[in-house]
Amino acid sequence: MLRITNTHTGKKEPFIPLEEGKVRMYVCGPTVYGLIHLGNARPAVVFDAFRRYLEYRGFKVTMVQNFTDIDDKIINAANAVGVDYKRYADRFIAEYWVDAHLLGLRAANFHPRTTDYLPEIIDIIQRLIVKGHAYVADGDVYFSVKSFPRYGELSNRKIEEMLSGARVDPSENKRFPLDFALWKAAKPGEPSWESPWGNGRPGWHIECSAMSMSLLGESFDIHAGGNDLVFPHHENEKAQSEALTGKPFARYWMHNGMLRFSGEKMAKSVGNIFNAREAVMRFGRDAVRLFLLSKHYTSPIDLSEEFLQDSRKAARRVRDTLKRAQNAGIAEKFVKADPWVMEVESRFEEALDDDFNTPVAVSLIFELVNILNTALDNNDEERAARAYDLIVRRFGPVLGLFDLQEEERKRADEENLFDSVMNVILDTRNHLRKQKQYELADQIRDKLEKLGIKLMDTPQGTQFTLDADG
RNA sequence: GGCGACGUAGCCAAGAGGUCUAAGGCGGGGGUCUGCAAAAUCCCUAUUCGUGGGUUCGAAUCCCACCGUCGCCUCCA
């Protein structure tokens with residue numbers, strides 16, 4: 001039985017979807033005003049893996065991840081470079097896909113963008129006004145927090161306590177300081193849409209309510225995102241959605257902890273960002289995913305180049321072992337689900353069933369790497385094949401790790417010639433070794449190592465690995 | 001000030017009442033293998049879990065206090 005921490009109750013709860021065997025989940029996606037950084041990549045990677053695990057567990061998953069393609073930051077950034085907001089957003093959505101591919105993120109079932117949901121947004125706002133949960137004020141529309149008694153329930157805050165710290169922009173026409181904008185009247189020169197209240201654009205929170213309920217229904221199973229979104233974003237989403245439908249909105253709220261860089265949360269406003277793209281280029285996909293999945297998703301995680309380097313080395317060890325197994329012909333063998341395999345699988349499932357404990361799942365892969373190496377050393381093909389199968393075909397795909405085919409594809413077109421050249425060099429060097437001209441042979445090895453090509457003389461012949469493998 | 005998370009080996013990180021003299025990774029030391037390396041493998045590297053009390057037959061795990069770090073309360077994944 002899968003159990004997950006539900007922010008709503010603050011407890012680990014058994015996960016029981018609304019509809020048996022099916023899971024409908026919504027993950028808050030990026031606001032597309034720049035390249036995503038590793039802090040943005042954390043929920044993307046974590047919930048990508050979580051979705052894969054749900055599927056591994058036999059659930060039919062419908063996953064939605066949105067793009068916020070209209071907001072102040074986008075408008076300002078677009079103005080700064082002199083293009084309209086849409087062109088700007090389009091560009092960074094395209095860039096997002098590049099990064100998503102680098103990170104090994106599977107596409108969700110739906111990737112809606114805010115500006116494609118204006119009719120739905122306007123409809124919701126209108127119905128909220130009719131029901132008395134929202135009011136129009138000078139072209140703006142606000143949600144009336146006082147009209148929803150459960151307000152504060154998700155983030156565990158009391159209205160009175162929030163009032164003391166509330167800041168109100170004098171330009172706003174709120175009746176109550178905690179009310180929030182559903183619709184913002186257009187300022188001169190801003191992109192805007194027609195509405196019953198005049199031209200304007202949607203507020204931040206309403207888009208997620210509109211897109212999630214349109215695609216997943218008024219009630220769905222999981223709503224996920226970074227824990228910095230709990231308040232106000234998710235609290236507001238929940239309030240407006242439930243005020244509208246009278247039904248529970250998301251039943252489980254999952255929130256990942258923040259990524260810290262130089263002691264602080266990674267954020268553009270702090271200026272301590274590390275682009276996801278750069279991280280993958282420098283350390284490799286597996287290192288980045290391994291780093292992100294090596295700590296429980298709810299905890300804060302500290303980033304440093306050293307930690308990425310550690311992950312890179314660990315990932316590399318796994319890959320080297322897998323390649324070693326492939327060279328030994330282990331990959332072709334078929335594996336039966338014997339008691340040992342089933343026992344390891346149940347340990348994997350036990351870990352991930354416990355609030356998606358990826359660190360333990362990862363540690364299991366390393367245990368298997370050990371077993372695989374030992375089996376290879378002992379020519380125990382049966383055991384090697386079992387371990388290989390579990391790593392590459394069972395556990396790896398759930399965590400989005402160690403996709404060797406992907407590696408091959410990446411290099412196939414550019415490295416055929418390279419491999420041929422390497423073979424010439426290695427043949428020559430082995431010839432020298434046979435003649436016991438070790439000094440020359442070692443010189444070749446040292447020089448190649450300086451170029452990032454590491455040689456290994458094994459009984460099966462000389463092999464090499466490239467630094468660029470990550 | 002309110003709400004919340006966290007503090008485990010040199011570093012990263014699981015464990016949440018007895019199977020813990022605490023998983024896994026990185027690093028370090030030693031052995032095997034090797035022409036020498038590399039890779040692999042074996043052994044060692046926390047009698048101890050921020051500090052001080054308490055509960056219990058028994059605590060890293062529960063309770064209290066204290067110290068420290070971070071997050072949210074404003075845009076933020």
Side-chain angles (χ1 to χ4, degrees), chain A residues 7 10 27-31 33 36-47 68 71-73 152 155-158 160-169 178 204 224-233 235 255-260 263-270 276 290-291 294-296 298-304 306-318 320-321 323-324 347 351 354 357-370 372-374 376-378 433-434 436-439 441-442 445-446 449 454-459 462-465:
Chain A
T7 308
V27 180
C28 273
T31 299
Y33 69 111
I36 60 163
H37 60 244
L38 282 173
N40 302 311
R42 165 120 102 148
V45 168
V46 164
F47 296 115
T68 297
D71 91 322
D72 287 342
K73 291 191 294 285
S155 55
N156 193 23
R157 282 152 218 257
K158 292 188 175 63
E160 312 81 69
E161 284 160 2
M162 284 189 274
L163 271 176
S164 62
R167 290 176 229 175
V168 181
D169 185 333
L178 299 181
W204 177 31
N227 70 10
D228 53 350
L229 296 181
V230 176
F231 189 89
H233 187 52
E235 187 71 58
H255 293 283
N256 63 276
M258 292 296 104
L259 179 82
R260 290 188 300 221
E264 274 181 283
K265 168 181 165 181
M266 180 176 289
K268 251 192 170 175
S269 53
V270 182
L290 205 52
F291 169 73
S294 286
K295 188 157 180 181
H296 188 79
T298 55
S299 302
I301 182 168
D302 282 299
L303 174 77
S304 76
E306 186 198 339
F307 300 159
L308 284 174
Q309 200 65 254
D310 287 354
S311 295
R312 178 170 180 260
K313 284 179 186 158
R316 185 172 198 153
R317 215 186 97 211
V318 177
D320 285 351
T321 300
K323 281 182 184 162
R324 189 184 166 205
R347 284 174 64 201
D354 182 16
N357 191 334
T358 54
V360 169
V362 165
S363 77
L364 210 51
I365 291 182
F366 283 99
E367 274 187 42
L368 289 169
V369 167
N370 230 23
L372 176 53
N373 269 315
T374 306
L376 254 16
D377 284 349
N378 300 334
R433 287 176 64 221
K434 277 198 185 113
K436 300 214 189 291
Q437 292 192 252
Y438 294 125
E439 201 179 322
D442 288 355
R445 184 172 63 195
D446 292 348
E449 179 150 19
K454 199 153 75 179
L455 300 194
M456 290 167 290
D457 297 318
T458 75
T462 303
Q463 324 237 326
F464 66 91
T465 61

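Letters A, B, ... are given to chains in the order of the sequence lines, protein chains preceding strands, and every chain is numbered from 1.
- Residue Asn373(A) places at least one side-chain N or O under 4.0 Å from the OP1 or OP2 atom of U41(B).
- Between Arg445(A) and Asp457(A) the shortest side-chain heavy-atom distance falls below 4.5 Å.
- Residue-to-nucleotide contacts include no donor-acceptor pair under 3.5 Å from the side chain of Arg316(A) to the base of C26(B).
- Rounded to an integer number of Å, the gap from CZ of Arg324(A) to C1' of A38(B) is 13 Å.
- For U41(B), one of the phosphate oxygens OP1 or OP2 lies less than 4.0 angstrom from a side-chain nitrogen or oxygen of Asn370(A).
- Rounded to whole Å, atom P of G2(B) lies 19 Å from atom CD of Glu235(A).
- Listed pair Asn156(A) / G4(B) meets the phosphate criterion, a side-chain N or O lying under 4.0 Å from OP1 or OP2.
- On a pure distance criterion of 3.5 Å, no polar donor-acceptor pair joins the side chain of Asp310(A) and the base of G27(B).
- Positionally, the nearest nucleotide of RNA chain B for Ser311(A) lies more toward the 5' end than for the other of Ser311(A) and Lys454(A).
- Contact annotation for Glu367(A): backbone-only contact, meaning every heavy-atom pair under 4.0 Å involves sugar-phosphate atoms and none involves a base.
- The CG atom of Asn227(A) sits 12 Å away from the C1' atom of C3(B) (whole-angstrom rounding).
- Nucleotide U74(B): unpaired (no Watson-Crick or G-U wobble partner with both distances less than 3.5 Å).
- Contact check on Arg324(A) versus Asp377(A) returns a salt bridge, with a Lys/Arg side-chain nitrogen under 4.0 Å from an Asp/Glu carboxylate oxygen.
- When the P atom of U34(B) is taken as reference, atom OH of Tyr438(A) falls 12 Å away, rounded to whole Å.
- At the phosphate of C3(B), neither OP1 nor OP2 sits under 4.0 Å from any side-chain N or O atom of Lys158(A).
- Rounded to whole Å, the separation between the C1' atoms of G18(B) and G27(B) comes to 33 Å.
- A23(B): no Watson-Crick or G-U partner with both key distances under 3.5 Å is found in any strand.
- Between Arg317(A) and C26(B), a side-chain N or O to OP1/OP2 separation shorter than 4.0 Å is present.
- Residue Ala314(A) places its side chain closer to C26(B) than to any other of C26(B), G2(B), A77(B).
- To the nearest 0.5 Å, the span separating CZ on Phe464(A) from NZ on Lys454(A) amounts to 13.5 Å.
- Between U21(B) and A59(B), the two C1' atoms lie 16 Å apart (nearest whole Å).
- Side-chain contact between Phe366(A) and Val362(A) is present, with heavy atoms from C-beta onward closer than 4.5 Å.
- For U61(B) and G52(B), the P atoms lie 13 Å apart once the distance is rounded to whole Å.
- Out of G24(B), A77(B), C12(B), the shortest distance to the side chain of Ser363(A) is found at G24(B).
- Taking atom C1' on both nucleotides, A13(B) is separated from A23(B) by 10 Å, rounded to a whole Å.
- Across all strands shown, the partner of C62(B) is G54(B), judged by Watson-Crick or G-U wobble contacts whose two distances both fall under 3.5 Å.
- Rounded to whole Å, the distance from CD on Glu264(A) to C1' on C72(B) is 14 Å.
- As judged by a 4.0 angstrom heavy-atom cut-off over every strand, Pro300(A) is placed among residues touching the sugar-phosphate backbone only.
- The side chain of Asp457(A) lies closest to C36(B), out of C75(B), G27(B), C36(B).
- Separating the CG atom of Leu303(A) from the C1' atom of C11(B) is a distance of 15 Å, rounded to the nearest angstrom.
- Ranked by how close their nearest RNA chain B nucleotide is to the 5' end, Met266(A) and Arg445(A) are led by Arg445(A).
- At the heavy-atom level, His255(A) lies nowhere under 4.0 Å from the strands shown.
- Nucleotide G68(B): paired with C6(B) (Watson-Crick or G-U wobble, both distances less than 3.5 Å).
- Seen from the ring of Phe307(A), Lys295(A) does not count as a face-on cation partner, given the 6.0 Å and 45° thresholds.
- Under the 4.5 Å side-chain criterion, counting only non-hydrogen atoms from C-beta, Met258(A) is in contact with Asp228(A).
- Contact annotation for Arg157(A): base contact, defined as any heavy-atom pair under 4.0 Å involving a base atom.
- Using a 4.0 Å heavy-atom distance criterion, Leu229(A) is classed as a sugar-phosphate-only contact.
- At the heavy-atom level, Lys268(A) lies nowhere under 4.0 Å from the strands shown.
- G30(B) and C57(B) have their P atoms separated by 49 Å, with the value rounded to a whole Å.
- Within the 4.0 angstrom heavy-atom criterion, only backbone atoms of the sugar-phosphate kind lie near Gly263(A); the bases stay farther away.
- In this structure, NZ on Lys268(A) lies 10.5 Å from OG1 on Thr31(A), to the nearest 0.5 angstrom.
- From His255(A), atom NE2 reaches atom SG of Cys28(A) across 8.5 Å, with rounding to the nearest 0.5 Å.
- Contact check, Asn40(A) against A77(B): a side-chain N or O comes under 4.0 Å of OP1 or OP2.
- Of the candidate nucleotides A77(B), A14(B), C73(B), A77(B) has the atom lying nearest to any side-chain atom of Pro43(A).
- A60(B) and A16(B): their P atoms are spaced 14 Å apart (whole Å).
- Here the side chains of Ile36(A) and Pro30(A) are in contact, with some heavy-atom distance below 4.5 Å.
- Closest contact between the side chain of Pro359(A) and the listed nucleotides A38(B), A14(B), C70(B) involves A14(B).
- Judged by distance alone, with hydrogens and angles left aside, Arg433(A) brings a side-chain donor or acceptor within reach of the base of G35(B), the pair sitting under 3.5 Å.
- Atom CG of Leu163(A) is separated from atom C1' of G1(B) by 14 Å (rounded to the nearest Å).
- For Arg42(A) against A77(B), a side-chain-to-base donor-acceptor contact under 3.5 Å is absent.
- With both ends at atom C1', the span from U55(B) to C64(B) equals 11 Å, rounded to whole Å.
- The partner of U48(B) is absent, by the rule that a Watson-Crick or G-U pair needs both atom distances under 3.5 Å.
- Counting non-hydrogen atoms under 4.0 angstrom, Leu259(A) reaches a base of the nucleic acid.
- Here OG1 of Thr321(A) is found 8.5 Å from CG of Asn370(A). Values are rounded to the nearest 0.5 Å.
- Counting non-hydrogen atoms under 4.0 angstrom, Asp302(A) reaches nothing in the nucleic acid.
- Across all strands, Gly225(A) comes closer than 4.0 Å only to sugar-phosphate atoms, never to a base (heavy-atom distances).
- Phosphate contact (OP1/OP2 of A13(B), side-chain N/O of Lys295(A), threshold under 4.0 Å): present.
- Under the Watson-Crick and G-U wobble criteria, each requiring two contacts below 3.5 Å, nucleotide A40(B) is paired to U32(B).
- Rounded to whole Å, the C1' atom of C66(B) lies 34 Å from the corresponding atom of G25(B).
- The interatomic distance linking Asn256(A) (CG) with A5(B) (C1') rounds to 13 Å, in whole Å.
- Across all strands, Lys265(A) comes closer than 4.0 Å to base atoms (heavy-atom distances).
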